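Only one structure is covered here, and it is reproduced in the block below.
This structure is a prediction, so every number in the text was calculated from the model and none was measured.
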Amino acid sequence: MPTSQYASSFGRLQAISLNLLSKETIQNLMKAKDETEMVKTLESTWYKTEIEKAATIFKQSELLEVALNRHLVYINKTALEATPFSGKSAVRAYLSKWDIYNIELILSAKSMGRPISETESFLVSSRNVPAGISAGNISHDEMKIILSQTGVDGVVHQLVKYNYGTVLMQHLEIYQKTGDLGPMMSALQSFYYHNLLESLKFFQGDEGIIRDLIRTEIDKKNILSILKAKESDLDKDIVSKHLVEGGKITKNELLDVYGAKDVAEIVGRVENRFMLVNALAQYKQSKSLIDFEIALDKFINSEYVKKLKNIALSIGTIFYFIINTEHERENIKRIAYGKRYNLSPEYINSLLLIE
């Protein structure tokens with residue numbers, strides 16, 4: 001596959017990347033008094049259009065969340081359009097994470113008995129754009145039909161026409177008996193990562209970094225799962241059902257690590273792969289697992305995402321753009337979270353993913 005296929009993608013996405021928030025703008029968001037002021041700051045950036053559309057219906061934190069979601073739809077649709085035909089299946093596979101996000105949101109809402117009005121606005125979706133922004137699975141109108149179903153059972157049966165429904169159906173009986181959505185959520189994640197890794201097998205050889213990135217993302221998810229499980233003192237059998245295959249650390253190794261007496265010992269056992277000592281020190285003060293999530297995110301960004309920048313004329317161009325825009329979205333959300341809970345500027349700054 002000639003690299004020239006990605007030359008136009010590189011040029012187009014480089015031009016769009018000029019709209020990413022500057023460090024100065026990020027600092028202005030940090031200085032904002034609250035989320036309302038954050039929204040005002042963002043009105044002078046490439047989020048303006050979606051903020052103006054959402055402002056007629058939503059207020060404050062809801063407005064920010066909805067605008068960020070709709071902007072994400074636009075950005076990823078643009079990235080997919082810029083991808084040469086040979087790379088579209090891999091990019092679609094990656095972007096199907098938002099199908100999974102939407103389905104998990106709907107299932108959780110149905111399980112808790114929340115109405116459609118409290119759920120639809122927060123889907124990563126927009127009219128006339130596929131809800132999962134993968135350009136091919138679930139349309140916005142179909143998502144509304146899924147939302148209108150009665151309970152978890154109705155949602156699962158409505159999704160049977162898609163691969164997701166087949167996966168969920170295998171665990172529906174467990175949910176009916178226990179009310180636990182965990183096995184369904186875990187199955188969706190396993191399905192997603194398996195398809196994504198499979199889609200990255202047949203390229204010109206420069207997708208290795210992306211595969212390593214994805215496998216490390218699986219490790220991150222699994223490590224956070226066992227840390228959370230250790231805090232809750234869950235049985236190893238339960239933990240096993242929530243681990244995703246395909247990472248660099250095998251399931252058996254992870255279960256071995258879970259045998260540690262506490263969170264600190266688990267961190268020690270994975271220290272040869274991930275430097276989490278500083279995060280552990282912060283965790284002992286905050287008692288929040290988000291400190292480990294941030295540390296793992298920064299490791300992945302440093303070890304893998306930045307390297308994608310050096311393989312410009314390849315599918316790495318597309319992934320680098322998509323992931324950077326995701327980081328920007330996450331930074332904004334973390335700043336908003338900090339404002340909401342009166343966290344110190346220093347702590348909020350430590351949560352951000354900035355090159």
Side-chain angles (χ1 to χ4, degrees), residues 13 16-17 19-30 32 34-35 38-39 41-42 45-47 50-51 54 61-79 94-102 104-105 122-125 132-133 189 192 196 210 213-214 216-221 223-224 274 279 282 286 288-306 308-309 318-341 343-355:
L13 297 183
I16 297 173
S17 293
N19 293 304
L20 285 164
L21 301 184
S22 65
K23 290 183 179 180
E24 181 183 359
T25 302
I26 293 292
Q27 288 307 308
N28 287 337
L29 291 174
M30 291 278 291
D34 52 27
E35 289 172 75
M38 287 181 64
V39 169
T41 298
L42 290 171
T45 70
W46 64 340
Y47 293 92
E50 299 304 340
I51 287 173
S61 60
E62 287 188 354
L63 167 59
L64 183 60
E65 179 79 15
V66 171
L68 289 176
N69 285 351
R70 291 178 178 175
H71 183 74
L72 184 69
V73 173
Y74 160 72
I75 288 298
N76 287 348
K77 180 173 179 286
T78 300
Y94 178 81
L95 295 180
S96 67
K97 66 192 284 183
W98 300 108
D99 271 336
I100 304 294
Y101 170 91
N102 287 337
E104 289 182 340
L105 180 64
F122 296 97
L123 297 175
V124 181
S125 172
I133 53 183
Q189 292 296 327
Y192 167 72
L196 178 54
I210 304 173
L213 185 158
I214 300 305
T216 308
E217 281 281 357
I218 296 173
D219 287 339
K220 167 196 159 186
K221 179 175 288 292
I223 289 170
L224 291 174
F274 303 102
Q282 184 67 47
S286 68
S288 173
L289 292 177
I290 193 173
D291 294 309
F292 295 115
E293 182 177 359
I294 299 302
L296 290 166
D297 282 342
K298 288 184 176 180
F299 173 83
I300 292 170
N301 189 47
S302 173
E303 290 296 310
Y304 301 107
V305 178
K306 288 183 179 180
L308 294 177
K309 193 175 185 178
I318 315 297
F319 277 86
Y320 182 73
F321 173 77
I322 293 172
I323 293 170
N324 268 332
T325 54
E326 288 177 355
H327 284 173
E328 180 173 281
R329 175 178 182 266
E330 195 59 37
N331 283 338
I332 295 170
K333 292 182 70 173
R334 287 174 179 176
I335 294 172
Y337 171 86
K339 300 294 179 186
R340 198 175 308 151
Y341 293 99
L343 302 179
S344 70
E346 293 77 20
Y347 183 66
I348 296 174
N349 194 58
S350 74
L351 302 179
L352 306 184
L353 286 166
I354 298 176
E355 289 193 32

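- Applying the side chain to side chain contact (heavy atoms under 4.5 Å, CB included) criterion to S350, with sequence neighbours excluded, gives Y347.
- The main-chain N or O of Q282 is found under 3.5 Å from a side-chain atom of S286 such that the two form a donor-acceptor pair.
- With sequence neighbours left out, the salt bridge (Lys or Arg N to Asp or Glu O under 4.0 Å) criterion links D291 to no other residue.
- Within the 4.5 Å cutoff, side-chain heavy atoms of L95 are placed close to those of I322.
- Rounding to the nearest 0.5 angstrom, the gap separating the CG atom in L353 from the CG atom in N324 is 10.0 Å.
- Contact detail for A67 and I51: the closest heavy-atom pair is CB-CG1, 3.8 Å.
- Taking all atoms of both residues into account, the shortest heavy-atom contact from L68 to R329 is O-NE, 4.0 Å.
- Expressed to the nearest 0.5 Å, how far CG of L105 lies from CD1 of I100 amounts to 13.0 Å.
- At least one donor-acceptor pair under 3.5 Å links the side chain of N102 to the backbone N or O of W98.
- Summarising the geometry of Y101 relative to E65, their closest heavy-atom pair is OH-OE2, 4.0 Å, with the distance given to 0.1 Å.
- N76 contributes no side-chain N or O that, together with a main-chain N or O of V73, makes up a donor-acceptor pair within less than 3.5 Å.
- Classified by interplanar angle (parallel below 30°, tilted 30° to 60°, perpendicular above 60°), the ring pair F299/F274 is perpendicular.
- Electrostatic pairing of D297 and K220 counts as a salt bridge here, judged by a charged N lying under 4.0 Å from a carboxylate O.
- Under the 3.5 Å distance criterion, the side-chain polar atoms of Y74 are left unmatched by any main-chain donor or acceptor of E50.
- Rounding to the nearest 0.5 Å places CG of L42 at 9.5 Å from NE2 of H71.
- Taken to the nearest 0.5 Å, the CG atom of L196 stands 7.0 Å off from the OG atom of S96.
- For E303, the salt bridge (Lys or Arg N to Asp or Glu O under 4.0 Å) criterion is met by no residue, not counting sequence neighbours.
- Remark: side-chain polar atoms of R334 are not paired, donor with acceptor, to backbone N or O of L352 under 3.5 angstrom.
- Applying the 6.0 Å contact sphere to NZ of K333 captures more than 12 heavy atoms from other residues, nucleotides or ligands.
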Go through the steps for L296 and E217 under the test side chain to side chain contact (heavy atoms under 4.5 Å, CB included), then give the verdict.
CA-CA 9 Å; L296 290 166; E217 281 281 357; over 6 Å; no

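- Side-chain atoms of L20 and W46, non-hydrogen and from C-beta on, do get closer than 4.5 Å to each other.
- The backbone N or O of F321 sits less than 3.5 Å from a side-chain atom of T325, completing a donor-acceptor pair.
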Intermediate values then yes/no, side chain to side chain contact (heavy atoms under 4.5 Å, CB included), L351 and I335:
CA-CA 8 Å; L351 302 179; I335 294 172; over 6 Å; no

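- Between A79 and I318 the shortest heavy-atom distance is O-CG2, 4.2 Å.
- No side-chain heavy atom of I210 sits less than 4.5 Å from a side-chain heavy atom of Y320.
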Let's go through K97 and E326 carefully: what are the C-alpha distance in whole Å and the side-chain angles of both, what is the deciding distance for salt bridge (charged side-chain N to carboxylate O under 4.0 Å, His left out) to 0.1 Å, and is it a yes or a no?
CA-CA 12 Å; K97 66 192 284 183; E326 288 177 355; 3.3 Å; yes

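- You'll find the side chain of L21 stays beyond 4.5 Å of the side chain of N331, heavy atoms only.
- Between the OH atom of Y192 and the CG atom of D99 there is a distance of 10.5 Å, given to the nearest 0.5 Å.
- Nearest heavy atom pair, residue L63 against residue A54, reads CD1-CB, 3.3 Å.
- The closest donor-acceptor contact from the side chain of K339 to the backbone of A32 lies under 3.5 Å.
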E328 vs Y47, test: side-chain hydrogen bond (donor to acceptor under 3.5 Å, both in side chains). Steps then yes/no.
CA-CA 11 Å; E328 180 173 281; Y47 293 92; 2.5 Å; yes

Given E104 and Q189, is the side chain to side chain contact (heavy atoms under 4.5 Å, CB included) satisfied, shown in steps?
CA-CA 10 Å; E104 289 182 340; Q189 292 296 327; 3.1 Å; yes

Side chain to side chain contact (heavy atoms under 4.5 Å, CB included) evaluation trace for F319 with V305
CA-CA 8 Å; F319 277 86; V305 178; over 6 Å; no

